[in-house]
Amino acid sequence: MADLELTKHHGLGNDFLVAFHPDVDDLPALARRVCDRRRGLGADGLLVGETEDGYVARMVLYNSDGSRAEMSGNGIRCFAQALARRRGDTAPQKILTDAGDRLVTLCPTNDPDVIDAAVDMGEVTPLGPPADWHLVGSDPMRPVRHLGVGNPHAVVLVDNVAVVDLLTLGEMVPHINLEIVEEGPEPTAIRMRVHERGAGITEACGTGACAAAWAASSWGLVGGDVSEITVHMDGGDAKVRLHDPVKGHCTLVGPAVFVGSITIHI
């Protein structure tokens, strides 16, 4: 039996456990165990940090169901906060993920447990409809965008996100991250709810916010000259900068909050 130290963080209510160099053979099983909200510590995912040449670290993400995901915008901010606490500095971090490298810039706040972070989320790319998309039964006249932000997303424009049965729709296409979006209320903002692949309905999704903002801009929900969109989610607000730091990319800006640490026996 060995001890494993975990820290818990959240980005707008999207919560993660972080472990560095865990001496565990079955990481998916570990993720299912520790992320279980009734029999474990509870989280949307487990972030595993390992040493990688040329990077401050490599981040591997396991969803709460044990599946491996390429990228998480909220997750990488939480991971960066855990790294900063471990390293004792808030220098910019180049982190390797399954979706490629990501640069995270950190900004301390007045609260030592809260840090703001901006992440170059990479290129936003168009995708074809995912398998079984027809099961969702979306009105052909309703705007839909299928986009890649290091992981796959389907973004659907609706009249009112609060009344949509998102759980039922998300379970029809569990292999995709499904976002529903409505415009406003501000002219440079949208409202979004999300059903995440491998985790179900979550309070926020960073890659989803980027996909939703990109889609909203293409639909004209915000002005054509708007370069930064506020994405209102159940867990709070994120900012998405379009075509930043270069054309075709987007930058995600939001907080990461340190919740606590715990040592478990494995």
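All residue numbers refer to positions in the sequence shown, counting from 1.
- A209 approaches V231 most closely through the heavy-atom pair O-CG2, 3.8 Å.
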Which is it for T97 and E70 under the side-chain contact (heavy atoms from CB on, under 4.5 Å) test, yes or no, and what are the steps along the way?
CA-CA 7 Å; T97 76; E70 304 92 340; over 6 Å; no
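- Side chains of I264 and V34 form a contact here, defined as non-hydrogen atoms less than 4.5 Å apart.
- Checking side-chain atoms of S227 against main-chain N and O of L242 turns up no donor-acceptor pair under 3.5 Å.
- The line from CG of L96 to CG of D101 is 6.5 Å long, rounded to the nearest 0.5 Å.
- Note: R39 CZ to L41 CG = 14.0 Å, rounded to the nearest 0.5 Å.
- Separating the CG atom in L83 from the OG1 atom in T90 is a distance of 12.5 Å, to the nearest 0.5 Å.
- We find that D120 and R102 are not joined by a salt bridge, their nearest charged nitrogen and carboxylate oxygen being 4.0 Å or further apart.
- Between D89 and R87 there is a salt bridge, since at least one side-chain N of the basic residue sits less than 4.0 Å from a carboxylate O of the acidic one.
- Placement of L135 and V155 in two distinct hydrophobic clusters is found when ILVMFWY residues are connected by side-chain heavy-atom separations under 4.5 Å, directly or transitively.
- Note that CD of E186 is 11.0 Å distant from CZ of R191, once rounded to the nearest 0.5 Å.
- In this structure, L12 and P255 have side chains that are in contact, with non-hydrogen atoms separated by less than 4.5 Å.
- Cluster annotation: M192 and M71 are assigned to the same hydrophobic cluster (Ile/Leu/Val/Met/Phe/Trp/Tyr, side-chain heavy-atom contacts under 4.5 Å, transitive).
- Residues S72 and L61 come closest through the heavy atom pair CB-CD2, 3.5 Å.
- At distances below 3.5 Å, not a single donor-acceptor pair connects side-chain atoms of N14 with backbone N or O atoms of C205.
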Full working for side-chain hydrogen bond (donor to acceptor under 3.5 Å, both in side chains) between R145 and S218
CA-CA 9 Å; R145 290 294 306 271; S218 72; 2.9 Å; yes
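- Ion pairing between a basic and an acidic side chain is recognised when a charged N comes within 4.0 Å of a carboxylate O; R33 and D26 show no such pairing.
- Between R241 and E228, at least one side-chain N (NZ, or NE/NH1/NH2) sits under 4.0 Å from a carboxylate O, which counts as a salt bridge.
- Across R193 and V161, no two heavy atoms sit closer than the pair NH1-O, 2.8 Å.
- Between the side chain of H243 and the backbone N or O of G248 there is at least one donor-acceptor pair closer than 3.5 Å.
- Here the two rings, on F79 and F20, have centers that are under 6.0 Å apart.
- No hydrogens or angles considered: nothing links the side chains of D132 and H134 as a donor-acceptor pair under 3.5 Å.
- In plain terms, the two heavy atoms of I190 and A213 that are nearest each other are CD1-N, 3.9 Å.
- Side chains of H249 and E123: no donor on one and acceptor on the other come within 3.5 Å.
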Under the criterion side-chain contact (heavy atoms from CB on, under 4.5 Å), I'd like the reasoning laid out for L157 against L221: C-alpha separation, chi angles, the key distance, then a yes or no.
CA-CA 10 Å; L157 180 62; L221 293 190; 3.6 Å; yes
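- Taken together through direct or relayed side-chain contacts under 4.5 Å among Ile, Leu, Val, Met, Phe, Trp and Tyr, M59 and Y62 form parts of separate hydrophobic clusters.
- With a 4.5 Å cut-off on side-chain heavy atoms, N74 and F16 count as touching.
- Transitive grouping of hydrophobic side chains (ILVMFWY, heavy atoms separated by less than 4.5 Å) keeps L46 and V259 in distinct clusters.
- For the residue pair D3/H265, the side-chain donor-acceptor check at 3.5 Å is satisfied.
- The heavy-atom pair separating M121 from C210 by the smallest distance is CG-SG, 3.8 Å.
- For N63 (side chain) and D65 (main-chain N/O), no donor-acceptor pair under 3.5 Å exists by modelled atom type.
- K8 places a side-chain N or O within 3.5 Å of a backbone atom of G42 that can act as its donor or acceptor partner.
- If you check the side chains of T202 and E196, you find a donor sitting under 3.5 Å from an acceptor.
- In summary, R37 and D44 engage in a salt bridge, as defined by a charged side-chain N under 4.0 Å from a carboxylate O.
- M233 and V181 fall within the same hydrophobic cluster, where Ile, Leu, Val, Met, Phe, Trp and Tyr residues are linked whenever their side-chain heavy atoms come under 4.5 Å apart, directly or through other members.
- Distance check, rounded to the nearest 0.5 Å: CG of L6 to CG of L47 gives 10.5 Å.
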With side-chain contact (heavy atoms from CB on, under 4.5 Å) as the criterion, how do H153 and T207 come out once you've worked through the C-alpha distance, each side chain's angles and the decisive distance to 0.1 Å?
CA-CA 8 Å; H153 294 266; T207 54; 3.1 Å; yes
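- Residues I95 and Y55 approach most closely at C-CD2, 3.9 Å, considering heavy atoms.
- Annotation: F258 is in aromatic contact with H9 [ring centroid separation under 6.0 Å].
- Residues H232 and T230 bring no donor and acceptor atom of their side chains to less than 3.5 Å of each other.
- Around the CG atom of D139, the shell of radius 6.0 Å holds more than 12 heavy atoms that belong to other residues, nucleotides or ligands.
- T251 contributes a side-chain N or O that, together with a main-chain N or O of D244, makes up a donor-acceptor pair within less than 3.5 Å.
- Between N151 and N177 there is a side-chain heavy-atom pair separated by less than 4.5 Å.
- You'll find the side chain of T7 stays beyond 4.5 Å of the side chain of L17, heavy atoms only.
- Side-chain contact between L166 and I180 is present, with at least one heavy-atom pair separated by less than 4.5 Å.
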Kindly determine whether D159 and E182 satisfy side-chain contact (heavy atoms from CB on, under 4.5 Å), including the steps that lead there.
CA-CA 6 Å; D159 299 324; E182 66 178 84; over 6 Å; no
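- Counting only heavy atoms from C-beta outward, the side chains of I229 and T188 never approach each other to under 4.5 Å.
- The main-chain N or O of D113 is found under 3.5 Å from a side-chain atom of Q81 such that the two form a donor-acceptor pair.
- Checked by atom type and distance alone, the side chain of Q93 pairs as donor or acceptor with a backbone atom of A80 at under 3.5 Å.
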Go through the steps for R58 and D98 under the test salt bridge (charged side-chain N to carboxylate O under 4.0 Å, His left out), then give the verdict.
CA-CA 9 Å; R58 177 183 181 92; D98 284 357; 2.7 Å; yes
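- Panel note: side chain R77, backbone V119; no donor-acceptor pair is recorded below 3.5 Å.
- E50 has its side chain out of reach of V60: every pair of non-hydrogen atoms, C-beta onward, lies at least 4.5 Å apart.
- With respect to E52 and K94, no salt bridge is recorded, no charged nitrogen being found less than 4.0 Å from a carboxylate O.
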